[in-house]
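Sequential numbering from 1 along the given sequence is applied to the chain's residues. Both backbone and side-chain heavy atoms feed into the values below; hydrogens, waters and symmetry mates do not. Keep in mind that what you see is a predicted model, and the values were worked out from it rather than measured. Both ligands and their constituent atoms are indexed starting at 1 by order of listing.
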Amino acid sequence: MPENDSATSVETIDTLVVGGGQAGIAMSEHLGRCGVPHLVLERDRIAERWRSGRWDSLVANGPAWHDRFPGMKFSGIGADEFAPKEAVADYFVAYAKMIAAPIRCGVEVTRVRRRAGRPGFRVDTSAGPIEAETLVAATGPFQRPLIPPIIPEDAALLQLHSSGYRNPGQLPAGAVLVVGAGSSGVQIADELMRAGRQVYLSVGPHDRPPRAYRGRDFVWWLGMLGKWDAVAATPGTEHVTIAVSGAHGGQTVDFKRLAAQGMTLLGLTQSCRDGVLGFAPDLAKNIARGDANYLSVLDEADAWAERYGLDLPEDPAARELEPDPACVTDPVLELNLADAGVTSIVWATGFATDYSWLQVDAFDERGRPRHQRGISTEPGVYFLGLPWLSHRGSSFIWGVWHDAAFIADHIATQRGYRAYRPAAQATPNHADDSNDAD
Ligand SMILES: Cc1cc2nc3c(=O)[nH]c(=O)nc-3n(C[C@H](O)[C@H](O)[C@H](O)COP(=O)(O)OP(=O)(O)OC[C@H]3O[C@@H](n4cnc5c(N)ncnc54)[C@H](O)[C@@H]3O)c2cc1C
């Protein structure tokens with residue numbers, strides 16, 4: 001709903017970027033390139049989520065040569081190493097400094113409304129109002145932790161979301177159930193098992209690409225095979241998570257190996273009655289699906305190497321898969337939490353977005369942003385950093401940089417339209433300047 005203009009003077013800026021994570025910084029770089037005056041507002045610190053929103057031992061899922069912006073390499077980290085999370089945050093702080101990004105930290109955007117009767121937005125912030133012609137929502141894809149309502153909140157055990165997990169010492173003594181086997185869940189479960197905990201891991205449908213094959217990391221293979229460029233998930237795979245890890249130097253996620261080391265794998269967590277959890281009978285199917293995905297990447301890589309005559313070392317050992325462990329062939333369908341000694345549950349079950357502060361007509365009936373490649377249906381509003389915004393890479397470090405370039409170009413183009421005046425209306429001495437947006 002448009003706000004009512006007040007007569008009081010407020011700070012104005014052409015383009016306001018909300019969020020100073022990697023998306024906001026990429027946006028600032030490209031807006032600067034396009035000569036668009038802008039301001040980035042970050043409620044905490046630059047790249048805060050990499051500092052305080054993730055567990056202590058997290059390293060980047062992709063190697064340092066890949067998971068970065070084109071304009072700067074990581075310092076002090078080898079190209080094929082996986083940057084620790086603090087180093088990732090430091091990288092973005094250094095990057096913001098390098099490009100002299102106009103970022104104001106410690107300022108939260110609390111509400112955005114369209115201005116009444118003219119383009120642009122009235123933005124309420126914790127430091128006072130701002131008016132902007134254009135607004136970029138770069139608040140990240142992972143804003144609100146999601147925990148399915150399966151176990152009552154007052155159950156006598158610790159329940160926390162993966163975004164609240166820090167390290168094994170945080171959990172009470174006893175066994176742990178980790179629900180969700182994407183990159184977060186499987187890494188947390190592995191860390192807990194290495195710390196000597198009895199671990200149960202609830203595994204849903206997943207892809208688990210090889211960490212490396214024939215001497216090349218999978219991020220390289222996905223690039224060469226054109227898979228990063230996919231514009232949408234294959235129909236039917238929207239809820240298939242991806243299990244990859246850069247931990248311990250980078251190893252392929254292998255659920256059967258984890259089971260052989262003592263982890264108990266379970267199917268999808270479905271129900272809870274009187275302290276007994278029920279699991280779907282889908283574990284063998286999910287594991288087989290993950291294996292098939294793994295092998296399909298090897299097949300595509302081999303075909304590609306052959307087609308283009310690539311001289312890469314053969315890697316037959318990569319095709320040797322572990323046998324199904326007992327927990328897969330004879331799955332546990334019910335688990336009495338007390339009998340199993342489970343004292344905590346880590347829900348690695350994903351996130352939702354929260355755009356309650358963005359009170360404009362840019363969302364569908366389910367609250368999802370309506371946009372095309374980040375350009376909202378509400379003129380002047382842009383979204384950045386969301387999964388599949390334009391392609392598979394959109395929510396990742398390197399991918400968001402390219403999306404930001406596209407959006408900045410669009411913003412600059414729209415400024416040109418706004419600034420345009422027919423030659424007849426331009427002042428005679430400056431007729432040639434009539435199409436310029438300053
Ligand atoms: C566990 C985990 C590991 C990941 N590992 C990798 C990896 O290895 N490689 C990779 O490429 N990607 C990885 N990702 C994906 C992605 O790179 C990160 O999620 C990244 O943090 C997203 O950056 P962003 O800038 O889009 O959002 P965020 O990092 O979430 O930044 C958004 C910023 O907006 C601020 N903000 C939010 N609301 C407001 C408001 N109203 N006013 C002002 N500021 C606001 C927040 O404080 C935050 O700093 C990982 C994600 C997770 C969850």
Side-chain angles (χ1 to χ4, degrees), residues 16-28 39-64 66-69 74 81-85 87-89 91-93 95-96 103-112 123-127 130 135-146 161-165 180 182-188 217 219 222 228 241-247 250 348-351 353-359 374 383-387 389 392-401 403-404:
L16 188 75
V17 180
V18 186
Q22 63 203 34
I25 294 164
M27 199 64 239
S28 180
L39 174 67
V40 182
L41 294 183
E42 164 57 49
R43 67 183 170 197
D44 291 311
R45 295 171 291 180
I46 290 172
E48 180 67 35
R49 288 232 164 79
W50 282 101
R51 294 207 193 280
S52 57
R54 283 157 200 171
W55 65 95
D56 298 343
S57 67
L58 175 69
V59 300
N61 286 332
H66 185 265
D67 280 17
R68 65 175 176 86
F69 289 170
F74 276 89
E81 293 173 3
F82 299 87
K85 71 177 185 84
V88 178
Y91 173 89
F92 288 118
V93 171
Y95 202 96
I103 301 186
R104 225 174 267 170
C105 289
V107 180
E108 179 167 16
V109 170
T110 52
R111 185 167 64 173
V112 174
V123 180
D124 293 334
T125 84
S126 55
I130 294 179
L135 187 122
V136 182
T139 48
F142 305 125
Q143 294 158 10
R144 199 163 47 81
L146 281 181
H161 188 266
S162 57
S163 59
Y165 171 80
S183 299
S184 294
V186 74
Q187 290 184 51
I188 291 170
D217 194 89
V219 298
L222 262 54
W228 286 123
T241 185
I242 182 163
V244 291
S245 171
T349 37
F351 298 79
T353 52
D354 178 5
Y355 290 113
S356 53
W357 53 273
L358 187 49
Q359 296 171 9
F383 294 96
L384 181 61
L386 299 177
L389 187 94
R392 189 194 298 274
S394 286
S395 60
F396 297 102
I397 293 170
W398 64 272
V400 77
W401 190 89
D403 283 349

Taken in chain and number order and not counting sequence neighbours, the residues that satisfy salt bridge (charged side-chain N to carboxylate O under 4.0 Å, His left out) with Asp217 are Arg211
Val109 N/O under 3.5 Å from ligand 1 N/O: yes
Distance-only N or O hit between ligand 1 and Asp67, under 3.5 Å: yes
Should you measure from each heavy atom of Ala138, which atoms of ligand 1 turn up under 4.0 Å away? 32 (C), 34 (O)
Interfacing atoms of ligand 1 (cut-off 4.0 Å, heavy-atom, Asp44): 47 (O)
Of all the non-hydrogen atoms in the protein, which one sits nearest to atom 17 (O) of ligand 1, and at what distance? Gln22 NE2, 2.8 Å
What is the closest protein heavy atom to atom 3 (C) of ligand 1, and at what distance does it sit? Leu58 CD2, 4.0 Å
Say whether Trp55, considering both its backbone and side-chain N or O atoms, lies within less than 3.5 Å of an N or O atom on ligand 1. no
N/O of Pro141 under 3.5 Å from N/O of ligand 1, yes or no? no
the protein heavy atom lying closest to atom 30 (O) of ligand 1 turns out to be Arg49 NH1, 2.4 Å
Check salt bridge (charged side-chain N to carboxylate O under 4.0 Å, His left out) between Arg54 and all other residues, then give those that pass, not counting sequence neighbours. none
Shortest protein contact, atom 6 (C) of ligand 1 (heavy atom only): Trp50 CH2, 3.3 Å
Treating Ser126 as the side-chain partner and Glu108 as the backbone partner, does any N or O pair qualify as donor plus acceptor under 3.5 Å? yes
Any atoms of ligand 1 less than 4.0 Å from a non-hydrogen atom of Asn61? List them with their elements. 5 (N), 7 (C), 8 (O)
Donor-acceptor under 3.5 Å (Tyr355 side chain, Thr139 main chain): no
Counting distance only, does the side-chain N/O of Gln143 pair as donor-acceptor with the main-chain N or O of Asp354 below 3.5 Å? yes
Please tell me whether Tyr91 and Trp50 form a close aromatic pair, meaning their ring centres lie under 6.0 Å apart. no
Taking Thr349 for the side chain and Leu146 for the main chain, is one N or O donor matched with an acceptor at less than 3.5 Å? yes
Output yes when a side-chain donor or acceptor of Gln22 lies under 3.5 Å from a complementary backbone atom of Gly140, and no otherwise. no
Is Lys85 reaching over with its side chain to a backbone N or O of Arg51, donor-acceptor style, under 3.5 angstrom? yes
Distance under 4.0 Å to a non-hydrogen atom of Val18: what atoms of ligand 1 satisfy this? 40 (C), 42 (N), 43 (C)
Only heavy atoms of Ala60, strictly under 4.0 Å: list the atoms of ligand 1 that pass. 8 (O)
Which atom names give the shortest non-hydrogen contact between Thr125 and Thr110, and what distance separates them? N-OG1, 3.9 Å
So is Leu384 polar-close to ligand 1, meaning N/O to N/O under 3.5 Å? no
Donor-acceptor under 3.5 Å (Ser183 side chain, Ile242 main chain): yes
Taking heavy atoms and a distance under 4.0 Å, where does Phe396 meet ligand 1: side chain, backbone, both or neither? both
Would you mind telling me if ligand 1 is within reach of the side chain of Leu41, the backbone, both or neither, using heavy atoms under 4.0 Å? backbone
Shortest protein heavy-atom distance from atom 31 (O) of ligand 1, along with the residue and atom involved: Gly21 CA, 3.6 Å
Heavy atom of the protein closest to atom 44 (N) of ligand 1 (residue, atom name, distance): Arg43 N, 3.2 Å
At their closest point, which heavy atom of Leu58 faces which heavy atom of Gln187, and how far apart are they? CD1-OE1, 4.0 Å
With a cut-off of 4.0 Å, which atoms of ligand 1 are near a heavy atom of Val107? 43 (C)
Which one holds for Ser395 and ligand 1: side chain close, backbone close, both close, or neither close, with close meaning a heavy atom under 4.0 Å? backbone
How far is atom 19 (O) of ligand 1 from its nearest protein heavy atom, and which residue and atom name does that atom have? Arg54 NH2, 3.0 Å
Between Glu48 and Arg45, is there a salt bridge with N-O shorter than 4.0 Å? yes
Under 3.5 Å between any N/O of Glu108 and any N/O of ligand 1: does that happen in this structure? no
Take Leu135 and Val109 through the test side chain to side chain contact (heavy atoms under 4.5 Å, CB included) and record every step on the way to the result. CA-CA 11 Å; Leu135 187 122; Val109 170; 5.7 Å; no
Among all protein non-hydrogen atoms, which one is nearest to atom 11 (O) of ligand 1, and what is the separation to 0.1 Å? Ile397 N, 2.7 Å
Where ligand 1 meets Ser184 - atom numbers and elements under 4.0 angstrom, heavy-atom basis: 1 (C)
For atom 47 (O) of ligand 1, which of Gln143, Glu42, Met27 has the closest heavy atom? Glu42
Could you check whether any side-chain N or O of Thr353 sits under 3.5 Å from a backbone N or O of Pro141, counting only pairs where one atom can act as donor and the other as acceptor? no
